[in-house]
Amino acid sequence: MDDSLEQSPEQLEKNLSEYKEQLKEVEQLLLDDPDNSEYKEIYSGLQEVIQLTQELRQASVHVEDKAGPGQLQKVPVAAITEAPEVKVPSVLPPQIKDQIRIAQQRAALAGQAPAEWAIGAQVQARYGGDGLWYDSEVIAISTSGKFIVKYTNHDTQDEVDVEDLRTFDQQHGQDQEYKGVAAPKRNSVKDTHMSLDEPPAWMKIKPSDDEKTKQKKKKLLKSFKSKQRFQKMDMEQKKKADNWKNFLAGKVSKKKKTGIHKGSMFRPKDKTMPHT
């Protein structure tokens with residue numbers, strides 16, 4: 001049996017923290033060299049290791065740790081306790097304000113907006129003691145920039161990372177079994193257009209990023225969007241060129257069909273005169 005399966009929850013928790021730190025280091029390397037395929041593979045591999053370690057931690061939890069978040073004693077220190085006010089013109093219906101608030105909460109939970117936007121969101125939080133998900137509400141942002149949640153059925157608070165939060169939409173249809181992370185796709189030299197539908201995970205801005213990292217990511221995201229625009233322009237130009245070629249090919253084909261046929265009334269008369 002693999003020795004890693006016999007590790008204590010404390011040791012697995014320590015390993016998990018180390019893997020997450022390594023993931024951040026590789027992310028910084030990718031920010032400086034975003035086209036490095038080796039860094040991308042390492043990043044993907046670490047994501048898989050983190051997911052597996054979380055599964056192992058859950059499997060090795062002691063019986064006394066399975067009572068859930070009701071055992072929590074330490075109350076995290078809050079730095080921000082209210083979400084920014086959403087201001088909308090009075091002429092708009094009141095539900096618009098609610099829709100904007102929900103959109104802000106989703107963006108914050110995805111790491112794409114300030115963390116304080118998530119305050120008030122109804123979510124599920126993963127409790128570190130057993131690795132299970134519990135209904136919660138985001139009530140504040142801690143002094144360390146993490147999310148403070150209040151567990152609905154336990155009346156206790158906990159401090160968690162954004163990776164340990166999910167919306168109820170994400171929870172729907174999602175199981176807790178380990179699933180391997182797919183290896184990154186290698187683009188061949190012949191691939192003239194890369195898939196630029198969505199920026200990679202390491203490029204997305206997280207609430208825990210420092211200002212320097214945020215600026216690097218903003219610069220890379222701007223470059224990414226610029227590539228998207230140029231790719232779209234290239235595809236449109238190529239489509240126009242193909243349409244023009246097809247048009248010219250059709251005209252040449254018509255010209256070949258037109259000409260002098262045997263028995264045509266436009267056939268020149270034989271100028272040879274008969275001998276008398």
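Note that the structure is a prediction, hence the values are computed from the model and not measured. Note: hydrogens, waters and symmetry copies are ignored here, and every other heavy atom, side chains too, is used.
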Between [X] and [Y], what is the shortest heavy-atom contact and its length?
X    : Y    : result
E27  : Y43  : OE1-OH, 3.7 Å
P34  : L220 : CG-CD2, 3.8 Å
E159 : P76  : CB-CB, 3.9 Å
L109 : A121 : CD1-CB, 4.3 Å
A140 : A78  : CB-CB, 3.7 Å
A118 : V138 : O-CB, 3.4 Å

Measure the [atom1]-[atom2] distance between [X] and [Y] for me, rounded to the nearest 0.5 Å.
X    : Y    : atom1 : atom2 : result
E18  : E13  : CD    : CD    : 11.0 Å
Q237 : K232 : CD    : NZ    : 13.0 Å
L46  : Q51  : CG    : CD    : 13.0 Å
I119 : E137 : CD1   : CD    : 10.0 Å
L29  : N36  : CG    : CG    : 8.5 Å
S226 : R229 : OG    : CZ    : 5.0 Å

Starting from [Y], can I reach [X] by hopping between I/L/V/M/F/W/Y residues whose side chains sit under 4.5 Å apart?
X    : Y    : result
L221 : L31  : yes
W117 : L165 : no
V149 : Y127 : yes
I139 : I80  : no

Any chance [atom1] of [X] has more than 12 other-residue heavy atoms, nucleotides or ligands included, within less than 6.0 Å?
X    : atom1 : result
E38  : CD    : no
E82  : CD    : no
K204 : NZ    : yes

- Item | Derivation of the side-chain contact (heavy atoms from CB on, under 4.5 Å) call for K87 and E85 | CA-CA 6 Å; K87 296 181 179 180; E85 182 183 359; 4.0 Å; yes

Please examine the side chains of [Y] and [X], heavy atoms only from C-beta on, and report whether any two atoms are closer than 4.5 Å.
X    : Y    : value
V162 : F147 : yes
L132 : R126 : no
K20  : D161 : yes
K239 : E236 : no
K212 : K216 : yes

- Test log, rule side chain to side chain donor-acceptor pair (under 3.5 Å), inputs Q28 and D32: CA-CA 7 Å; Q28 291 297 323; D32 294 328; over 6 Å; no

- Task: State, without any angle test, whether Y151 and D135 hold a side-chain donor-acceptor pair at a distance under 3.5 Å.
- Result: no

- Task: Could you tell me whether the side chains of Y39 and D35 share a donor-acceptor contact shorter than 3.5 Å?
- Result: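 No, D35 and Y39 have no side-chain donor paired with an acceptor closer than 3.5 Å.
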
Would you confirm whether [X], through its side chain, and [Y], through its main-chain N or O, come within 3.5 Å as a donor-acceptor pair?
X    : Y    : result
T53  : V49  : yes
D164 : V160 : no
S136 : Q124 : no
S223 : K219 : no
D209 : K206 : yes

- Task: Just do the salt bridge (charged side-chain N to carboxylate O under 4.0 Å, His left out) check on K238 and D234 with the steps written out, would you?
- Result: CA-CA 6 Å; K238 186 177 183 301; D234 288 343; over 6 Å; no

- Does a side-chain N-to-carboxylate-O contact under 4.0 Å join D210 and K214?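 No, no charged N to carboxylate O under 4.0 Å.
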
- Item | SB check K218 E211 (cutoff 4.0 Å) | no

- Message: Using side-chain contact (heavy atoms from CB on, under 4.5 Å), reason through Q54 and L16 one step at a time and then give a plain yes or no.
- Response: CA-CA 7 Å; Q54 289 172 338; L16 190 61; 3.8 Å; yes

